[in-house]
K.L.:
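Before I ask anything, let me first share the structure, which is written out below as structure tokens.
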Amino acid sequence: MKVDNYDVVIVGSGIAGAVIAKTLTQAGKTVLMLEAGLQAGIALDAEGSYKTYQKYIETFYNAPAKVPNSPYPDLKDAPSIDVLDIEKLQNGIPSTDGYLVQKGPLPFASDCMRGPGGTTMHWLGTTLRMLPNDFKMKTVYNQNVDWPLTYDDLKPFYEMAELEIGVAGNVSEQKYPDIPADFFGKDYVFPMEKIPQSYLDKEIGKKTEKLKVSLNRREYELTCISTPQGRNSVPNEAYKYGSIVWNASKKKLQLETQDQTYNPDGSLWDPYTGQRCEGNASCVPICPVQAKYNALKTLRRAKQENLDIITQAVAYKINTDDHTNEVTGIEYKLYKTDRSSEYTTGIAKGKIYVLAASAIENAKILLASNVANRSDQVGRNLMDHLVMLTWGLTKDKIYPYRGPGSTTNIPTFRDGEFRKEHAAWISPLDNWGWSWPVFSPGSDVGKAVSSGLFGKKLREKMNEDVTRQFLLHFEVEQSPDPGNRVTIDPQYLDAIGNYRPVITYNVGDYMLKAFEASKIVSDQIFAANGIKDFTYYNPKTDPDYVVYKEQGYTFRGAGHIVGTHRMGFTEDDSVVDKNQRSWNHQNLYLVGCGNMPTLGTSNPTLTMTALTFQAAENILKQLQK
Ligand SMILES: Cc1cc2nc3c(=O)[nH]c(=O)nc-3n(C[C@H](O)[C@H](O)[C@H](O)COP(=O)(O)OP(=O)(O)OC[C@H]3O[C@@H](n4cnc5c(N)ncnc54)[C@H](O)[C@@H]3O)c2cc1C
Ligand code: SF4
């Protein structure tokens with residue numbers, strides 16, 4: 001296409017950037033996308049994308065450490081945050097070996113992926129909505145902050161996000177604490193039937209469903225429910241929508257009912273590209289049959305003739321007009337290979353600019369440009385779900401290591417009066433044994449072999465132990481804290497001279513109390529199920545080991561990077577308004593989890609995608625003016 005002045009320039013091809021690109025190009029707007037990853041990763045035709053994907057799978061099979069970024073190119077000129085770089089911090093000395101500069105006192109323990117499709121290439125795909133009270137924590141519980149919009153404001157956009165991702169789930173089973181009867185709307189169903197719950201879920205559910213647990217002199221009755229997720233199952237015949245369209249006369253995005261929908265090239269649109277989930281259990285980092293949603297599926301549905309993508313283009317500076325404050329261009333470095341450190345530069349120009357480079361990168365680019373930061377909130381309030389794990393052996397075999405990471409969760413502590421005292425959490429039942437805390441089953445095999453077991457005896461030992469491994473998560477909501485932040489420092493630059501993110505990070509008492517409370521609940525679940533507890537938090541080696549009331553706990557990052565350019569009520573307390581637009585620059589929108597003022601207990605991407613559809617609607621309104 002190549003035009004001098006595009007309607008919109010977008011930075012990043014993750015789900016946030018892809019949703020904006022798809023919605024705007026389908027509405028007839030011209031879009032230029034800058035993407036830091038390699039050209040090969042963005043092949044959008046069927047053959048090219050299949051070949052690239054197969055290469056990722058091969059790389060994953062050959063990788064010694066099967067971590068989230070292992071299938072994808074490790075770009076020296078556009079590095080990704082990687083979990084392999086997380087280390088315990090010593091005596092206030094920053095950790096500088098990875099892309100992040102970690103100043104502590106605790107290391108920030110989540111990663112993301114720079115490359116076409118972004119972090120959805122290796123996400124798990126859990127797609128829960130937030131609860132109404134999550135949007136008004138200050139009003140209801142006198143904690144954290146309120147959002148400038150409510151659950152009801154976001155509800156139509158949640159439905160768009162669920163279509164876009166192709167959510168599989170059962171609405172009638174979504175019974176969360178204290179939600180209103182019309183939480184989903186009358187007769188609403190998800191686009192696909194639920195993913196079958198695992199055998200493990202059913203066995204643990206027998207003694208956990210309706211189990212009464214005591215906590216702080218109160219009794220709670222636990223429930224176990226199926227988890228909605230972005231992976232293909234059987235399309236739900238009762239689902240009526242087929243596309244999301246811009247209605248120019250009503251100035252609204254809306255879901256449309258269609259029996260058959262078509263791609264811009266006229267071919268029949270298969271909204272759920274890829275096979276059905278067949279339980280391979282490697283969703284993080286890669287699904288071999290593309291059953292799991294990734295953002296390239298959305299990007300493929302953009303109207304290609306209205307979209308130009310420049311790959312290997314790392315955005316690093318936003319230019320503004322001194323008088324109008326409008327953004328006039330985004331400067332980028334076009335690197336030659338992924339590790340030559342050689343580059344040329346360019347400036348992308350459009351009427352409206354959208355940063356969709358993920359929470360940490362967005363904040364970094366804004367700070368490097370001294371843009372959108374009159375409130376001094378850019379980079380602050382960095383949050384994640386703090387994942388405390390407990391693990392044990394059941395008496396009978398429950399056969400983990402089958403199916404997606406989790407198919408059932410305990411929602412009981414997602415909301416309630418206790419939030420005045422400590423943070424809320426959700427407890428997914430994990431289908432992948434002890435792989436996360438102790439690298440099972442590889443570590444079990446290693447241990448058995450070193451104790452002299454081989455052949456039949458080794459197989460029998462594995463069959464006896466690994467089949468009984470049970471793992472429970474407590475994913476604790478982190479509160480916004482202005483001191484937890486991304487900054488920049490000229491002494492820390494990457495290979496092509498761009499700033500590396502410098503992170504300051506800690507965890508307060510509100511969350512530590514939730515670790516204490518969740519271990520009390522875990523003990524009662526383990527006791528009811530006859531599970532022998534093997535949980536061990538290592539003060540010497542666990543990077544995020546914390547002590548509360550003389551008891552040690554370890555938490556891990558969830559990959560839910562949130563809060564660095566938050567939305568708010570006024571230009572003094574926030575970076576964007578409720579339309580996702582910068583308070584300070586009227587043609588700059590920020591999208592992604594960085595906009596979320598609080599985190600709630602749902603994995604953030606569905607909510608962020610709903611917000612992104614709302615941003616797309618606002619951009620279209622602004623262009624129409
Ligand atoms: C292991 C793991 C599991 C997860 N599981 C879940 C889950 O089950 N449910 C859930 O809701 N969330 C999950 N998440 C979080 C989820 O993946 C992210 O919230 C989501 O992918 C963020 O999307 P995004 O488009 O905002 O950013 P990203 O996906 O990170 O995309 C950013 C894009 O911008 C590009 N980019 C970055 N910097 C530049 C630059 N300077 N110039 C040009 N381009 C740039 C990148 O290459 C990339 O394409 C998980 C995360 C991890 C790490
Ligand atoms: S369980 Fe397997 S098939 Fe299903 S989404 Fe995960 S990796 Fe893909």
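Every number for a ligand or one of its atoms is a count from 1 in the order of the listing.
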K.L.:
Side chains of D338 and K76: does their closest heavy-atom pair fall under 4.5 Å?
P.N.:
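Of all side-chain heavy-atom pairs linking K76 with D338, none is under 4.5 Å.
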K.L.:
Which residue holds the protein heavy atom closest to atom 53 (C) of ligand 1, what is that atom called, and what is the gap in Å?
P.N.:
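The closest heavy atom on the protein side is D111 OD1, 2.9 Å.
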K.L.:
When you measure from atom 37 (C) of ligand 1 to every protein heavy atom, which one gives the shortest distance, and what is it?
P.N.:
R114 CD, 3.3 Å
K.L.:
Kindly confirm or rule out an N or O of G125 lying under 3.5 angstrom from an N or O of ligand 1.
P.N.:
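There is such a contact, yes.
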K.L.:
Decide whether an N or O pair under 3.5 Å exists between V314 and ligand 1.
P.N.:
no
K.L.:
With side chain to side chain donor-acceptor pair (under 3.5 Å) as the test, pick out the partner of S198 among T408, D430, N431.
P.N.:
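In the set T408, D430, N431, the residue that makes a side chain to side chain donor-acceptor pair (under 3.5 Å) with S198 is N431.
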K.L.:
Could you state the interatomic distance from OG (S226) to CD (Q197), rounded to the nearest 0.5 Å?
P.N.:
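One finds 5.0 Å between OG of S226 and CD of Q197.
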K.L.:
What protein heavy atom lies closest to atom 2 (Fe) of ligand 2? Include the residue and the distance to one decimal.
P.N.:
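Its nearest protein heavy-atom neighbour is N280 N, 2.8 Å.
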K.L.:
A16 heavy atoms, cut-off 4.0 Å: which ligand 1 atoms fall inside?
P.N.:
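Heavy-atom distances to A16 below 4.0 Å select 25 (O), 26 (O).
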K.L.:
Just distances here: any N/O of I365 and N/O of ligand 1 closer than 3.5 Å?
P.N.:
no
K.L.:
Around atom 40 (C) of ligand 1, find the nearest protein heavy atom and jot down its residue, atom name and distance.
P.N.:
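The closest one turns out to be A315 N, 3.7 Å.
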K.L.:
Backbone or side chain, does any N or O of A36 fall under 3.5 Å from an N or O of ligand 1?
P.N.:
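By distance alone, the answer is yes.
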K.L.:
By number and element, which atoms of ligand 1 are closer than 4.0 Å to a non-hydrogen atom of A356?
P.N.:
32 (C), 33 (C), 34 (O)
K.L.:
So if I apply the side-chain contact (heavy atoms from CB on, under 4.5 Å) rule between S110 and each of L382, I86, D384, which one comes out positive?
P.N.:
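The passing option is D384.
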K.L.:
To which protein heavy atom is atom 14 (N) of ligand 1 closest, and what is the distance rounded to 0.1 Å?
P.N.:
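For this ligand atom, the closest protein heavy atom is H560 CD2, 3.6 Å.
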K.L.:
List ligand 1 atoms under 4.0 Å from T120, heavy atoms only on the residue side.
P.N.:
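Those atoms are 21 (O).
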K.L.:
Does ligand 1 come near enough to T126 that some N or O of the ligand is less than 3.5 Å from an N or O of the residue?
P.N.:
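So ligand 1 has an N or O lying under 3.5 Å from an N or O of T126.
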K.L.:
Which bit of T119 is near ligand 1, meaning a heavy atom under 4.0 Å away: side chain, backbone, both or neither?
P.N.:
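Both the backbone and the side chain of T119 come within reach of ligand 1.
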K.L.:
Please report which non-hydrogen protein atom sits nearest to atom 3 (S) of ligand 2, along with the residue it belongs to and the distance in Å to one decimal place.
P.N.:
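Result: E278 N, 3.2 Å.
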K.L.:
Using side-chain heavy atoms (C-beta onward) and a distance below 4.5 Å, is Q312 in contact with L38?
P.N.:
yes
K.L.:
Distance under 6.0 Å and angle within 45° of the ring axis: does K333 meet both against Y343?
P.N.:
yes
K.L.:
Give me the nearest non-hydrogen protein atom to atom 50 (C) of ligand 1 as residue plus atom name, then the distance to 0.1 Å.
P.N.:
W123 CB, 3.7 Å
K.L.:
Please step through ring pair (Phe, Tyr, Trp, His ring centres under 6.0 Å) for the pair W425 and F413, ending with a clear verdict.
P.N.:
CA-CA 6 Å; W425 68 80; F413 292 94; 4.6 Å; yes
K.L.:
Among all protein heavy atoms, pick the one closest to atom 31 (O) of ligand 1 and tell me residue, atom and distance.
P.N.:
G14 CA, 3.5 Å
K.L.:
By number and element, which atoms of ligand 1 are closer than 4.0 Å to a non-hydrogen atom of G118?
P.N.:
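The atoms of ligand 1 under 4.0 Å from a heavy atom of G118 are 29 (O), 31 (O), 48 (C), 49 (O).
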K.L.:
Determine the minimum heavy-atom distance between P501 and V486, stating which atoms define it.
P.N.:
CB-CG1, 4.0 Å
K.L.:
Closest approach of H585 and V327, non-hydrogen atoms and distance?
P.N.:
CB-CG2, 4.2 Å
K.L.:
For ligand 1, which is the ligand I care about here, please tell me if E35 has any N or O atom under 3.5 Å from one of the ligand's N or O atoms.
P.N.:
yes
K.L.:
Does only the side chain of S602 get under 4.0 Å from ligand 1, or the backbone, or both, or neither? Count heavy atoms.
P.N.:
neither
K.L.:
Just to be sure I'm reading this right: ignoring hydrogens, which of N69, V19, L299, T605 gets closest to atom 20 (C) of ligand 1? Compare them by their nearest heavy atoms.
P.N.:
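Looking at heavy atoms only, T605 sits closest to atom 20 (C) of ligand 1.
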K.L.:
At what distance is the nearest protein heavy atom to atom 51 (C) of ligand 1, and which residue and atom is it?
P.N.:
G559 O, 3.3 Å
K.L.:
Taking only heavy atoms of G279, which atoms of ligand 2 are found under 4.0 Å from at least one of them?
P.N.:
1 (S), 2 (Fe), 3 (S), 4 (Fe)
K.L.:
Can a non-hydrogen atom of P288 be found less than 4.0 Å from any atom of ligand 2?
P.N.:
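Yes, P288 has a heavy atom closer than 4.0 Å to ligand 2.
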K.L.:
Please report the closest heavy-atom contact between A295 and I15, naming both atoms and the distance.
P.N.:
CB-N, 3.4 Å
K.L.:
Does the separation of the ring centres of F555 and F474 fall below 6.0 angstrom?
P.N.:
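No: the rings miss the under 6.0 Å criterion.
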K.L.:
Any nitrogen or oxygen of G592 lying under 3.5 Å from a nitrogen or oxygen in ligand 1? Just yes or no.
P.N.:
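No, there is no polar N/O contact under 3.5 Å.
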K.L.:
Indicate yes or no: does E58 engage K55 in a salt bridge with an N to O separation below 4.0 Å.
P.N.:
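Looking at E58 and K55, the cut-off is not met.
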K.L.:
Let's go through Q377 and N381 carefully: what are the C-alpha distance in whole Å and the side-chain angles of both, what is the deciding distance for side chain to side chain donor-acceptor pair (under 3.5 Å) to 0.1 Å, and is it a yes or a no?
P.N.:
CA-CA 8 Å; Q377 291 299 312; N381 306 302; 3.2 Å; yes
K.L.:
Out of G115, C112, S358, whose heavy atom sits nearest atom 48 (C) of ligand 1?
P.N.:
G115
K.L.:
If I compare all heavy atoms of T328 with all of T320, which pair ends up nearest, and what's the gap?
P.N.:
OG1-N, 3.9 Å
K.L.:
Over all heavy atoms of both residues, which pair between A18 and M33 is shortest? Give the atoms and the distance, please.
P.N.:
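Looking at all heavy atoms of both residues, the closest pair is N-CE, 4.2 Å.
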K.L.:
Could you list which atoms of ligand 1 come closer than 4.0 Å to a heavy atom of L34?
P.N.:
43 (C), 44 (N)
K.L.:
Any nitrogen or oxygen of H122 lying under 3.5 Å from a nitrogen or oxygen in ligand 1? Just yes or no.
P.N.:
no
K.L.:
For the 3.5 Å polar cut-off, considering only N or O atoms, please tell me whether C593 and ligand 1 meet it.
P.N.:
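So ligand 1 has no N or O lying under 3.5 Å from an N or O of C593.
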K.L.:
Please write down residue, atom name and distance for the protein heavy atom closest to atom 5 (S) of ligand 2.
P.N.:
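Protein heavy atom with the smallest distance to atom 5 (S) of ligand 2: R231 NE, 3.0 Å.
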K.L.:
Any N/O of L124 closer than 3.5 Å to an N/O of ligand 1?
P.N.:
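In this structure, L124 places an N or O atom under 3.5 Å from an N or O of ligand 1.
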K.L.:
Charged N to carboxylate O under 4.0 angstrom, E477 versus R414?
P.N.:
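So E477 does not pair with R414 through a salt bridge.
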K.L.:
Do any heavy atoms of M608 fall under 4.0 Å from ligand 1?
P.N.:
yes
K.L.:
List every atom of ligand 1 that sits less than 4.0 Å from any heavy atom of A313, numbering the atoms from 1 in the order shown and giving each element.
P.N.:
42 (N), 43 (C)
K.L.:
Centres of the H473 and W436 rings: under 6.0 Å?
P.N.:
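So the answer is yes for these two rings.
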K.L.:
Parallel under 30°, tilted from 30 to 60°, perpendicular over 60°: which one fits the rings of W123 and Y293?
P.N.:
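Plane angle over 60°, so perpendicular.
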K.L.:
Can you tell me the protein heavy atom closest to atom 6 (Fe) of ligand 2 and the distance?
P.N.:
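Nearest protein contact, heavy atoms only, for atom 6 (Fe) of ligand 2 is C283 SG, 2.3 Å.
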K.L.:
Centres of the Y56 and Y72 rings: under 6.0 Å?
P.N.:
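Yes, the ring of Y56 comes within the 6.0 Å limit of the ring of Y72, centre to centre.
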K.L.:
Between C287 and atom 6 (Fe) of ligand 2, is there a contact where an N/O/S atom of the residue lies under 2.8 Å from the metal?
P.N.:
no
K.L.:
Give me the nearest non-hydrogen protein atom to atom 4 (Fe) of ligand 2 as residue plus atom name, then the distance to 0.1 Å.
P.N.:
C277 SG, 2.3 Å
K.L.:
Run through N319, I365, L355 and flag the one making a side-chain contact (heavy atoms from CB on, under 4.5 Å) with I330.
P.N.:
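It is L355; the other options fail the test.
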K.L.:
Identify the residue among N370, V11, L366 that makes a side-chain contact (heavy atoms from CB on, under 4.5 Å) with I318.
P.N.:
L366
K.L.:
So which heavy atom in the protein is nearest atom 34 (O) of ligand 1, and how far is it from that ligand atom?
P.N.:
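Atom 34 (O) of ligand 1 sits closest to the protein heavy atom G12 CA, 3.2 Å.
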K.L.:
Report, in ascending order of atom number, the atoms of ligand 1 lying under 4.0 Å from any heavy atom of V11.
P.N.:
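With V11 as reference, the close atoms of ligand 1 come out as 42 (N), 43 (C), 44 (N).
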